[in-house]
Number of protein chains: 2
Amino acid sequence: MTSPNAAAQHATVRSAPKLTIRQTNEKLIMAAAEEVFAQVGFKGATTGAIARLAGVPKANLHYYFSTKAELYRRVTEDVCEHWLAAARAFDETNDPKTAIGGYIRAKMEQARRRPFGSRVWAMEILRGAPVIDGYLHNTLKTWFEGRKVKLKEWIEAGKMDPVDPQALLFMIWGTTQHYADFARQISVLNNDQSLDDAQFAQATDEVCRIILSGIGLKS
Amino acid sequence: MTSPNAAAQHATVRSAPKLTIRQTNEKLIMAAAEEVFAQVGFKGATTGAIARLAGVPKANLHYYFSTKAELYRRVTEDVCEHWLAAARAFDETNDPKTAIGGYIRAKMEQARRRPFGSRVWAMEILRGAPVIDGYLHNTLKTWFEGRKVKLKEWIEAGKMDPVDPQALLFMIWGTTQHYADFARQISVLNNDQSLDDAQFAQATDEVCRIILSGIGLKS
DNA sequence: GTCTATAACCGGATAGAC
DNA sequence: GTCTATCCGGTTATAGAC
């Protein structure tokens, strides 16, 4: 796969201190792509629209990302990475109330701060996840099984009610992501105004309270 | 626009007892459209693919539905109607546990039986709901406000915990629809098998149990 | 590394015979 | 009411000058 001295071939890479033009432009294009993909889907997005929003010529986009599909793949994978990072709050304690509550809050925070990413993810799953299929089978599945084990241990130790760990995790995902994915519907039902910070904080508290109380972890 | 005796011209229409060719073909095309739209989105769907799945020539589809957008609108509105019908279980009692539990079960049943419809709806909201905007503002908003009032009454009567009605409804929507919209992800995490009837029934029970218990309506 | 011009292709919609 | 053949507009991707 690699030559014996592959590492030596690119010794200069290690010392590159600031962002290259390439890195800057790729970030710019990916941010624009995340927004456009979220708004009109994969097929609905045109490379022209993404390039315009990013402020670069269309041919320039194709210089950095050979095809629209590859750009989409890069965006989706980047969303996945941040998703997992938010999930780590789950592991930092052995107290289920702190762990689950912290996880819910982290997911709500993510829904608030990166709604476009959540929507790209949702659309990808809705389509049957053709692009991130491998990721689902590997990274996500592993994480999921690990969490299920942990929840079962807490249940067996009597620290929380005996609920189906799977149903609990799906409820957390469905509820938290709903605030990003269905934001338009929520805004219409909120008198045509997006939830403000106070309303979102209250929603977060309520979600925590209902779920924690629902699994026997009353405040 | 019409001649004075336009009605007399088609006196036979009134007496047509069984489904006309038109009605039959429209049903066929709409069912195919629901599936294709759910799988590849509005822009990704081609009238050719819809026609092929429906078993009619493409030009025939355009004979019944002048444009792809109109076909999409018809499909989405039809989904909405069934959505509301499922919601009526909410109103048939004054006992919150029966009402909310029944509503959750009806929503889960809908997610199970008509996943494509749920996904078309989800995609439409994800895109910002350009087509069903009016429906959201009128029908859904009215229903939503009515339910909020009812929940508040139950809370004031001490029949359930004082939770934010909005957060509760969003949790029910997000959780139940997750089983239709994220079915692919769920199936991957379930060892590449869709939930079978028993698993789905158990999930329904768990969702009911956690939510009802979370708002002070323990079994 | 940037950008204009263009090639190659595809999908929605229709014309018009049956 | 059905269907084949076709037009037209729009999109991806690239060629090639700067």
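Within every chain, numbering begins at 1; the chains are lettered A, B, ... in the order of the sequence lines, protein sequences first and strands thereafter.
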Could you state the [atom1]-[atom2] distance from [X] to [N], rounded to the nearest angstrom?
X     : N      : atom1 : atom2 : result
A:N60 : C:dA5  : CG    : P     : 16 Å
B:Y72 : C:dA13 : OH    : P     : 15 Å
B:I29 : C:dG12 : CD1   : C1'   : 15 Å
B:Y64 : D:dC3  : OH    : P     : 10 Å
A:I50 : D:dT12 : CD1   : C1'   : 12 Å
A:E70 : D:dT12 : CD    : P     : 15 Å
B:F65 : D:dT2  : CZ    : P     : 13 Å
A:R22 : C:dT2  : CZ    : C1'   : 13 Å

Reference residue B:V120; test side chain to side chain contact (heavy atoms under 4.5 Å, CB included); the match among B:D78, B:T76, B:V36: B:T76

Summary of protein contacts for nucleotides 13-18 of chain D, nucleotide by nucleotide, where a base hit scores B, a sugar-phosphate-only hit scores S (4.0 Å, heavy atoms): BB----

Parallel, tilted or perpendicular: rings of B:F170 and B:F144 (30°, 60°): parallel

Whether B:Y135 and B:W121 hold their rings parallel, tilted or perpendicular, with breakpoints at 30° and 60°: perpendicular

Axial cation check for B:Y103 ring with B:R147, 6.0 Å and 45° limits: no

Pairwise 5' ranking along DNA chain D for B:K43 and B:I21, keeping only the more 5' one: B:I21

Sugar-phosphate only, base, or nothing, as touched by A:A45 at under 4.0 Å among non-hydrogen atoms: sugar-phosphate

Qualifying residues under side chain to side chain contact (heavy atoms under 4.5 Å, CB included), relative to B:D205, sequence neighbours excluded: B:R105

Value rounded to 0.5 Å, distance of CD1 in A:I132 from NE2 in A:H137: 11.0 Å

